[in-house]
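This report concerns only the one structure given below.
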Amino acid sequence: MATGKINVSVENIFPLIKKFLYSDHEIFLRELISNATDATLKLKHLSAIGESKIAYGDPQIEIKIDKEGKKIHILDQGIGMTEEEVKKYINELAFSGAEEFLNKYDDTAKDAGIIGHFGLGFYSAFMVASKVEIITKSYKDEPAAHWSCDGSPKFTLKKGKKEAHGTEIILHIAEDSEEFLAESKISELLKKYNKFMPIPIKFGTKTETLPKPEDAKEEDPAPTQEVDNIINNPNPAWTKQPTDLEDEDYKGFYRELYPMQFEEPLFHIHLNVDYPFNLTGILYFPKLTNDLNVQKDRIQLYQNQVFVTDNVEGIVPEFLTMLRGVIDSPDIPLNVSRSYLQADGAVKKISSYITRKVADKLNSLFKNSREDFEAKWNDIKIVIEYGMLSEEKFFEKADKFALYPTVDGNYYTFEELQEKLKDLHTDKDDKLVVLYASDKEAQHSYIEAAKAKGFEVLLLDSPIISHLMQKLETSKEKLSFARVDADHLDNLIKKEDTQISKLSDEEKEQLKGNLEEVIKDKGYTVQLEAMDSAASPFIITEPEFMRRMKEMQQSGGGGGMFGMGGMPEMYNLIVNTNHELVNEILTTKTSKKRERLINQSLDLARLSKGLLKGEELTAFIKRSYEMVK
């Protein structure tokens, strides 16, 4: 058996880097600024522990564009490199200086904020440059070094001309990447990826207006001066302690994150944990609509203040991706492009922590200011209901603060709802039946009929409510939900309101026969019920189970379930035997008039249910005018 070491040829490594290392070529600027930040933070750390005699001062990273020379310069005032370090860190592909630095200063450098861990970031420069130069001088008392490479495995390394410590990267931009020589493009990338980098980043200058001198005339223009244009905020709100921030600070940071968002957030959640993983951030609850598809990809993921992605699925539980804000963690494993996440144990712990933190915040808001929480319920309910449906731990915690509003604007927790309804909404099997409306306007007549009987009607109108009700029914004992226009209302027990029918059994049989003869081809199951004489004569209901299955199919949750395909239309026609019109149907002398009364009453019930459309609606209107005449 032979063993050996595979030799990897680097002859074609640069074309591969250019084509495959990163999905977006624009990443080069983020990577190089990250390296410059690392170099600066290393100097800060060494100065703090006394290993560097150079004062740290107030260093900046500067970006310059040379349009005529087709070059981009990236300059830092950091730790710099000796000639030997250039050989080690630049010429040995994928050797990470940041990783070695962290290992060397393991105990003291863990909070230094060093970004790079892969050793390939520098080579992203070759995605846009035909030639790259490095001019660098170490903080140590050694000569500067000048490295140059044209994208082939060959390089030159000689003594450089640089007096101050730090590094300058010079990119000779390739013909196919000249878009990056536009100031607007670089400014766009700096704002996207480096808006919150921990070291100030200078890009050009800006004009600043100064106060007028005391002896200046009113018509004299105010003096101005050119100042450095710092494009980033090195100390964003999430890097600070919650005790150091006021409510206005959080709102100001929200406006900084989303300058085109004019509505204020409803409330925020400050994340700050350092064990068993490191994570900081601020999440905001914005006002939400019922459209789940337009809400996502608003949370920004950072790694040590470097923007990574706004696709945080896998880190943030899916139901919370509708929130906005920032999450920053050095413990989230990323691939070499830092664009996609690799699921592992640390990520799962982070996801669980965020879920728990959000649940605790919601519970605190509910307990401390219930009135305010109720006022915001319609704007946040979609997140909470989605969380209850998709995350078991969140479902358990949400029992304390999830609200169930009524059509009259009252709000109950589930425990309060059970207590209020236990003597009123119990069916023949001693099961609690919760009546609800999904559309207050469309189901108005049904709501009024239920309220007239003394029932409480909830208003549950989110797009996922059918799914959530299924979960609640399976997790709670003896509970079922029924929409107010469903067939369960007739089964609820309320003995004191029990009505006695004015019709004899013989008259009921005759009435049912008359009705079924007229509507036999329309697919309605006729049910006679003694109700208050003021209630509607005809009411159409739909079996709750069948209706809910159709809704779940339409929303994607039940499509194809049990091989159902298209669910059939099934309706019940509830006829109030105590109504005068029903009595007239029974006693009318001519079959033509009886048929007209039945069809008109049925169409009125269908109109109330939203089932009368097209030709049938036209025929109903024509018949109504004839009856008015």
Side-chain angles (χ1 to χ4, degrees), residues 407 437-453 457 483-490 499-544 546-547 550 566-629:
V407 291
S438 58
D439 188 322
K440 194 174 177 180
E441 299 301 320
Q443 294 152 10
H444 183 267
S445 62
Y446 291 92
I447 293 169
E448 290 304 304
K451 287 168 67 176
K453 283 192 168 189
V457 181
R483 205 167 74 180
V484 71
D485 56 351
D487 54 354
H488 278 48
L489 184 60
D490 317 323
Q499 297 286 325
I500 299 173
S501 178
K502 295 178 181 179
L503 303 183
S504 66
D505 291 344
E506 186 179 340
E507 287 173 323
K508 289 179 186 176
E509 286 299 317
Q510 182 186 337
L511 175 63
K512 192 167 185 179
N514 291 337
L515 293 166
E516 289 177 344
E517 184 178 346
V518 174
I519 66 172
K520 59 186 175 183
D521 296 327
K522 297 185 178 178
Y524 292 92
T525 301
V526 177
Q527 297 177 11
L528 304 183
E529 184 185 345
M531 295 186 283
D532 189 285
S533 59
S536 298
F538 282 24
I539 300 172
I540 292 173
T541 65
E542 187 175 3
E544 175 71 12
M546 298 297 290
R547 181 195 55 73
K550 282 194 295 181
M567 296 289 289
E569 300 289 336
M570 293 178 62
Y571 296 100
N572 301 319
L573 176 61
I574 312 298
V575 179
N576 180 5
T577 59
N578 288 343
H579 198 279
E580 289 181 13
L581 180 59
V582 173
N583 186 60
E584 188 175 348
I585 291 170
L586 181 65
T587 58
T588 189
K589 301 298 182 184
T590 65
S591 58
K592 186 175 181 181
K593 181 181 179 182
R594 182 185 304 113
E595 183 178 346
R596 191 175 67 216
L597 287 173
I598 291 172
N599 281 328
Q600 188 72 3
S601 300
L602 176 62
D603 282 353
L604 282 166
R606 295 172 71 199
L607 187 67
S608 177
K609 180 72 173 168
L611 297 173
L612 200 60
K613 299 173 184 176
E615 290 183 15
E616 292 179 324
L617 178 59
T618 302
F620 164 75
I621 294 170
K622 183 179 180 181
R623 187 194 318 122
S624 299
Y625 280 129
E626 288 174 355
M627 293 181 73
V628 170
K629 283 193 300 184

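All heavy atoms count here, side chains included; hydrogens, waters and symmetry mates do not.
Nearest heavy-atom pair across Val407 and Lys440 is O-NZ, 2.8 Å. Smallest separation of non-hydrogen atoms from Ala437 and Arg483: CA-CG, 4.5 Å. Nearest approach of Val575 to Leu515, heavy atoms of both residues: CG2-CD1, 3.7 Å. Contact between Val582 and Asn576 at its shortest, heavy atoms only, is CG2-O, 3.1 Å. Leu612 approaches Glu616 most closely through the heavy-atom pair CD1-CB, 3.9 Å. The two residues Ile585 and Ile598 come nearest to each other via the heavy atoms CG2-CG1, 3.7 Å.
Residues Phe620 and Arg606 are not in side-chain contact: their nearest non-hydrogen atoms beyond the backbone lie 4.5 Å or more apart. Residues Leu604 and Phe538 fail the side-chain proximity criterion, which asks for heavy atoms closer than 4.5 Å. With a 4.5 Å cut-off on side-chain heavy atoms, Asp485 and Thr541 do not count as touching.
For the atom pair OG1 (Thr577) and NZ (Lys508), the distance works out to 6.0 Å, reported to the nearest 0.5 Å. A distance of 11.0 Å separates CD1 in Ile519 from OG in Ser601, rounded to the nearest 0.5 Å. Rounding to the nearest 0.5 angstrom, the gap separating the CG atom in Asn578 from the CG atom in Leu503 is 7.0 Å. Rounding to the nearest 0.5 Å places OG1 of Thr525 at 9.0 Å from CD1 of Ile574. Expressed to the nearest 0.5 Å, how far CG of Leu586 lies from CD of Glu507 amounts to 5.5 Å. In this structure, Glu615 CD and Leu617 CG are separated by 11.0 Å, a value rounded to the nearest 0.5 Å.
For Glu517, the CD atom is loosely surrounded, since the number of other residues' heavy atoms within 6.0 Å does not exceed 12. The neighbour count for Glu441 CD, taken as heavy atoms of other residues, nucleotides or ligands under 6.0 Å away, does not exceed 12.
Without hydrogens or angle criteria, Tyr446 side chain to Ile540 main chain gives a donor-acceptor distance under 3.5 Å.
Residues meeting the side-chain hydrogen bond (donor to acceptor under 3.5 Å, both in side chains) test with Lys451, sequence neighbours left out: Asp408. For Arg594, there are no salt bridge (Lys or Arg N to Asp or Glu O under 4.0 Å) partners, not counting sequence neighbours.
Among Lys593, Glu595, Gln600, the one residue that satisfies the side chain to side chain contact (heavy atoms under 4.5 Å, CB included) test with Leu597 is Lys593.
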* Give the intermediate values and the outcome of side-chain contact (heavy atoms from CB on, under 4.5 Å) for residues Gln443 and Val457. => CA-CA 11 Å; Gln443 294 152 10; Val457 181; over 6 Å; no

